[in-house]
Amino acid sequence: MMNVCPRPEHPTPMWERKNWVNLNGEWMFEIDQSKSGAERGLITADTLNGRITLPFCPESPLSGVGEKDFMYCVWYKKTVSLNDEELDGKRMLFHIGAADFETHVWINGKSAGLPHIGGCSPIEYDVTSLVHAGENVITVACFDDTRSPRQAGGKQSMRHVSYGCYYTRTTGIWQTVWYELVPESYVKYAKFLPDPNNASVAVQCELAGCGTLCAEVYYEGRLVGRAEKKALSVTGTLEIPLSEVHLWECGAGRLYDVVLRFGEDEVKSYFGLRTVEMRDGKFLLNGKSVFQRLVLDQGFYPDGIWTAPDEAALVRDIECSMSVGFNGARLHQKVFEPRFLYHADRLGYLVWGEYSSWGIDHSDIAHLSAFLPDWLSCVKRDLSHPAVIGWCPFNETWNVGEQQKRQDNAFLRIVYEETKRYDPARPCIDTSGNYHVVTDIYDVHDYEQEPAIFKEHYDALITEGTLFEKVRDGFRQHWSGEPVFMSEYGGIGIHIEVNNSEKAWSYGKATRSYEEFYARYKGLTDALLDNPRIMGFCYTQLTDVEQEQNGLFTYEGRQPKFDVKTLYDINTRHAAIED
């Protein structure tokens, strides 16, 4: 077990208060395969039979548990000491960044509220009425059945072991646990709506209590905007003119700092000043065409699984990507933590906000009740991040797990429409790859490994204005002229040096030499860069993940497997790239 608090940094850089306490570190822990813990008295028990280091999942080495088998229920318990002075006139908000999948919380043996359903969205309970001065016992139980048709799990293996493009599972808590003490009147939530064309930003707030709402905006320490409104309650919107305009761009975050005050409450936040739109088949950032040169990032770590071992690992992944010429990433089949998004914001790194949709039976609309609230909560959490330039709730919905069940089109349509209702400003892809129902961008997955054949698939976009896409033998879907995005291609394996395991898996026939790899990589990428009707690409993938060994960097240590400059030159050579 770790003796110091792991992941000590504030988990939500866009929403920081001074009065917060990180609860990561050692907790009591117990695996409950029979899901009988409540009946056996674990809610009020003084101890559990094991220990775990949070925020790491029990499958991970960093947790100190390292159990890789299915765990259908896990329990956590920790005692926290509070005093009268810190509780006086304050409300206590208990937070878990994310836990998979159904999470129950008790404080001193009493329920904190209804269970939280979903493995990706933030968990928050107001526990003011349940705590007291002295020792307080926090108990958490997480029910998790990866093979349940109502549960989305992303790339978590539904077999006993990892295989193909499915990897080690994440059970229970996998993001930071903390609490904060707030005044009776406080800001519950805020979203930022930047308007660079009018040199302003709107701040829309949800409020608890009543009072005066004030916002101050700073750029590099200089006050560049201020606004306030008196006697507000429930909601409040501030329109703030800015005396300086600094655009958020690729490779240049140029973030504005914000201080929000409501009564005695104070929150530190930030925003980026930029616009995104689709026009004439192109992606526009601040009105300028930018070719999206993205890489597939699955956010897995050998020692933490879904949880980065430290903040430096989050930065390292972005730096690896940028070093070989990518300007962003598809954050694939996982909702990445806010601290990662902060560094993407800071570095000017484009990302698509996606969900861990694989595993849920999207042929049955009854499962919408488990999917939609978790997804929309993630959208709400992340929609003020300037780095997030689009949403994609589903990925490859032609089947469910290993069962050939076609999607329910109404399921996908409802999720798309509700996403656009939450955030009309960004493009939304209903389902990446196939089968599209209603989408702002028509994206394609194509793992053809022969460059000439790959290029031929999309030549008709140029010559005839038509798109032929072979999804699966016997299946086709209709392109209606939407912007075209190659959101998965490549996946090239290489069977030399670190990739010579018999268990290694990749999307296409592996290359046998570096020369063969570079030729194939360049041929596939050139076919996309040279096609003026394609708005961007996403190469599979940034790093190896367990047995899937088609990354540009190693899984352990994130070391480059290929010459960085060669890849950078291939990815950035085209004159049409304007960023």
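Sequential numbering from 1 along the given sequence is applied to the chain's residues.
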Flag the pair [X] / [Y] as yes when at least one side-chain heavy-atom distance between them is below 4.5 Å, and no otherwise.
| X | Y | result |
| --- | --- | --- |
| Arg7 | Thr307 | yes |
| Arg40 | Glu30 | yes |
| Ile117 | Arg150 | yes |
| Pro393 | Ser357 | no |
| Phe271 | His385 | no |
| Leu23 | Leu54 | no |
| Cys120 | Ser356 | yes |
| Cys392 | Cys428 | no |

So does [Y] get a backbone contact from the side chain of [X], meaning a donor-acceptor N/O pair under 3.5 Å?
| X | Y | value |
| --- | --- | --- |
| Arg426 | Leu383 | yes |
| Lys191 | Lys380 | no |
| Ser60 | Cys57 | yes |
| Trp375 | Val415 | no |
| Arg91 | Leu181 | no |
| Lys77 | Ile138 | no |
| Asp32 | Cys73 | no |
| Asn136 | Gly134 | yes |
| Thr146 | Met158 | no |
| Arg169 | Lys68 | yes |

Measure from NZ or CZ of Arg346 to the centre of the six-membered ring of Tyr270, then state whether that distance is under 6.0 Å and the direction lies within 45° of the axis.
-> no
Step by step, would you call Arg316 with Glu319 a salt bridge (charged side-chain N to carboxylate O under 4.0 Å, His left out)?
-> CA-CA 5 Å; Arg316 172 65 177 160; Glu319 290 176 342; 5.1 Å; no
Indicate the atoms forming the closest heavy-atom contact of [X] with [Y], along with that distance.
| X | Y | answer |
| --- | --- | --- |
| Glu59 | Thr171 | OE2-OG1, 2.5 Å |
| Pro427 | Trp352 | O-CZ3, 4.0 Å |
| Leu350 | Leu285 | CD2-CD2, 4.5 Å |
| Asp374 | His116 | OD1-CE1, 3.9 Å |
| Arg226 | Cys214 | NH2-SG, 3.3 Å |
| Arg51 | Phe29 | C-CB, 3.9 Å |

Once you round to the nearest 0.5 Å, how far does [atom1] of [X] lie from [atom2] of [Y]?
| X | Y | atom1 | atom2 | result |
| --- | --- | --- | --- | --- |
| His95 | Ile123 | NE2 | CD1 | 11.5 Å |
| Trp248 | Thr275 | CH2 | OG1 | 11.5 Å |
| Leu238 | Leu260 | CG | CG | 8.0 Å |
| Tyr125 | Met92 | OH | CE | 14.5 Å |

Go through the steps to decide whether Ile365 and Ile414 satisfy the test side-chain contact (heavy atoms from CB on, under 4.5 Å), and finish with yes or no.
-> CA-CA 10 Å; Ile365 203 165; Ile414 290 169; 3.9 Å; yes
Given the rule in the side-chain contact (heavy atoms from CB on, under 4.5 Å) test, do Glu216 and Arg261 qualify, once you have shown the distances and angles that lead to the verdict?
-> CA-CA 9 Å; Glu216 294 177 344; Arg261 296 187 180 91; 3.2 Å; yes
NZ/NE/NH1/NH2 to OD/OE distance under 4.0 Å, [X] and [Y]:
| X | Y | answer |
| --- | --- | --- |
| Arg558 | Asp317 | yes |
| Glu266 | Arg17 | no |
| Glu417 | Lys420 | no |
| Lys18 | Glu180 | no |
| Glu337 | Arg339 | no |

Other residues, nucleotides, ligands: >12 heavy atoms within 6.0 Å of [X] [atom1]:
| X | atom1 | result |
| --- | --- | --- |
| Glu264 | CD | no |
| Lys188 | NZ | no |
| Asn83 | CG | yes |

Results of side-chain hydrogen bond (donor to acceptor under 3.5 Å, both in side chains) for Arg254 - residues two or more places apart only = Glu249
Go through the structure and list residues passing side-chain hydrogen bond (donor to acceptor under 3.5 Å, both in side chains) with Gln175, not counting sequence neighbours.
-> none
Should the ring pair Trp75 and Trp106 be called parallel, tilted or perpendicular, given that the plane angle runs from 0 to 90° and is split at 30 and 60?
-> parallel
Aromatic ring pairing Phe371/Phe394, orientation class (parallel under 30°, perpendicular over 60°, tilted between) | parallel
Checking side-chain hydrogen bond (donor to acceptor under 3.5 Å, both in side chains) for the pair Thr439/Tyr416: CA distance, chi angles, key distance, verdict?
-> CA-CA 8 Å; Thr439 185; Tyr416 167 87; over 6 Å; no
What salt bridge (Lys or Arg N to Asp or Glu O under 4.0 Å) pairs are there with at least one residue in residues 381-392, not counting sequence neighbours?
-> none
For Leu247 and Asn286, run side-chain contact (heavy atoms from CB on, under 4.5 Å): C-alpha distance rounded to whole Å, both residues' side-chain angles, the deciding distance at 0.1 Å, then the answer.
-> CA-CA 8 Å; Leu247 295 180; Asn286 303 320; 3.9 Å; yes
Starting from the C-alpha separation in whole Å, work towards a yes-or-no answer on side-chain hydrogen bond (donor to acceptor under 3.5 Å, both in side chains) for Gln151 and His367.
-> CA-CA 8 Å; Gln151 183 170 328; His367 299 135; over 6 Å; no
Please assess Asp144 against Val74 for the test side-chain contact (heavy atoms from CB on, under 4.5 Å), listing each intermediate value before the final yes or no.
-> CA-CA 8 Å; Asp144 190 7; Val74 291; over 6 Å; no
Pair Asp100-Trp174, side-chain hydrogen bond (donor to acceptor under 3.5 Å, both in side chains): steps then yes or no | CA-CA 8 Å; Asp100 199 6; Trp174 63 278; 5.7 Å; no
For side-chain hydrogen bond (donor to acceptor under 3.5 Å, both in side chains), just list the numbers for Thr431 and Thr397, CA-CA rounded to whole Å, side-chain angles, deciding distance to a tenth of an Å, and then say yes or no.
-> CA-CA 7 Å; Thr431 179; Thr397 50; 3.1 Å; yes
Determine, step by step, whether Tyr167 and Phe300 satisfy the ring pair (Phe, Tyr, Trp, His ring centres under 6.0 Å) criterion, reporting the C-alpha distance in whole Å, the side-chain angles of both residues, the deciding distance to 0.1 Å, and the verdict.
-> CA-CA 9 Å; Tyr167 325 118; Phe300 273 75; 4.9 Å; yes
